[in-house]
Number of protein chains: 2
Amino acid sequence: MPDRKEQILDVAEELLQTRSFSAFSYQDVSDRIGISKATIHHHYPSKDDLSLALVTRYRTSLISTLEKITQEYTTPWKQLEAYTLLVSQVMQSGHKICLTGSLQSEYEIIANETKQELANLCAFVHTWLTRLLADGKKQQMMTFPGPPEDQASLIQAALQGALQQARAHGPKQFTTVVRQIKAMLKTS
Amino acid sequence: MPDRKEQILDVAEELLQTRSFSAFSYQDVSDRIGISKATIHHHYPSKDDLSLALVTRYRTSLISTLEKITQEYTTPWKQLEAYTLLVSQVMQSGHKICLTGSLQSEYEIIANETKQELANLCAFVHTWLTRLLADGKKQQMMTFPGPPEDQASLIQAALQGALQQARAHGPKQFTTVVRQIKAMLKTS
DNA sequence: GTCTATAGCGGGATAGAC
DNA sequence: GTCTATCCCGCTATAGAC
């Protein structure tokens, strides 16, 4: 237990993505780690603090991951491939949905600061996808109607929705959507 | 108050779509109607009963609405137009998200019967969209890669995701996704 | 069908000892 | 930093009168 705060976030994140924000409790977290509720409160006094820390860490981590993808894979297609793989891993690790979708579903009850951080997170992903699509179009490797930012919105929404649909209809539903997104972008 | 049970469902549905399942209470419902909590329990003994009734009614109502659309509008394009308008009205009436997305986000904590009914609901919409797209392709008014059921999955997921994204980024985000879906289907 | 009252539990959060 | 103990509240659900 090198960093208890990180350990708490790990467990809370898992619970948020499987059960939703209002459906998990400090008790749930403390049970799984094997420490008392009070200790969690010591590190994150209120649930608003906890949720903000969750989104902030997630955003930082995602920024780093996406930048790594950008550097490692040179073509837009391989970058898209890496991104959809990333999202599919969320689903495969136990029926989770994306943190973004989970919190947006309870948007009206989360703290204002968390809302802001969530918006920043979504905006970053959107920008990253937009850049990817713009590159793909410029290099004539991808086709889509309209501006890249609009197509990015579509893909972002579809992946988020597909993760949720996968809960009711299994992982096949998700891979179908991914396949369809790719087919759609293919220059025919 | 011709039918109290309907009135309760009206309020509960609104709360489910704005606040989420675990984040609304019998007290919330009773406050808004102006009756006691016990009366709600009289009509819907447990929250599981209430959730099941909500999904069942929603499904019945949606089936009727979609069939009406099918009859009223003869072309696939007008049918799609009517459907996306329907979904956008959900959003416009106070930052709601679709009932389906809300419950799927809390899939792990809802009753098994509710899960089943939710799956039926999603399946119906999927079938309806598939038929619409198959017609559109057959009449050479729409184009898309792969089988119509896969394209239906994509559109269904995208609309659900877009409703949630609209909470963080405003209604414009949703209309953008709708426009992009249509542009994608256009025979160029 | 509706009410008041209440049981019983679990939630978030705090105090204070170690 | 972690614990036990506790507060207070709101939750689901029930009992029983009207």
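Since the model is a prediction, treat every value here as computed from it, not as a measurement. Below, read A as the first sequence line, B as the second, and so on, with proteins coming before strands; counting in each chain starts at 1.
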Side-chain N,O (B:S25) to OP1/OP2 (D:dC11) below 4.0 Å: yes
For DNA chain C, the residues among residues 35-45 of chain B that have a non-hydrogen atom under 4.0 Å from it: B:I35, B:S36, B:A38, B:T39, B:H42, B:H43
Separation of B:F21 CZ from B:T114 OG1 (nearest 0.5 Å): 7.0 Å
Rounded interatomic separation in angstrom, taking CZ from B:R19 and C1' from D:dC11: 13 Å
Rounded interatomic separation in angstrom, taking NZ from B:K5 and P from C:dT2: 11 Å
Results of ring-ring contact (aromatic ring centres under 6.0 Å, His included) for B:H41 - residues two or more places apart only: B:Y26
Atom-pair distance (CG on B:D28; P on D:dC11), nearest Å: 6 Å
Within 6.0 angstrom of A:Q140 CD, more than 12 heavy atoms from elsewhere: no
Heavy-atom neighbours of B:E113 CD exceed 12 at 6.0 Å: no
Side-chain donor-acceptor contact under 3.5 Å, A:N112 with A:Q116: no
Short side-chain N/O contact to C:dG1 OP1/OP2 from B:R4, under 4.0 Å: no
Atom pair distance, as rounded to whole Å: CD in B:Q27 and P in D:dC9: 14 Å
Atom pair distance, as rounded to whole Å: CZ in B:F21 and P in D:dC11: 14 Å
Any donor-acceptor N or O pair under 3.5 Å, side chains B:Q7, B:R4: yes
Value in whole Å for how far the P atom of C:dC9 lies from OH of B:Y26: 19 Å
Distance, rounded to the nearest Å, where B:F24 contributes CZ and D:dT12 contributes C1': 12 Å
Rounded distance in Å - CD (A:Q7) to P (D:dG1): 13 Å
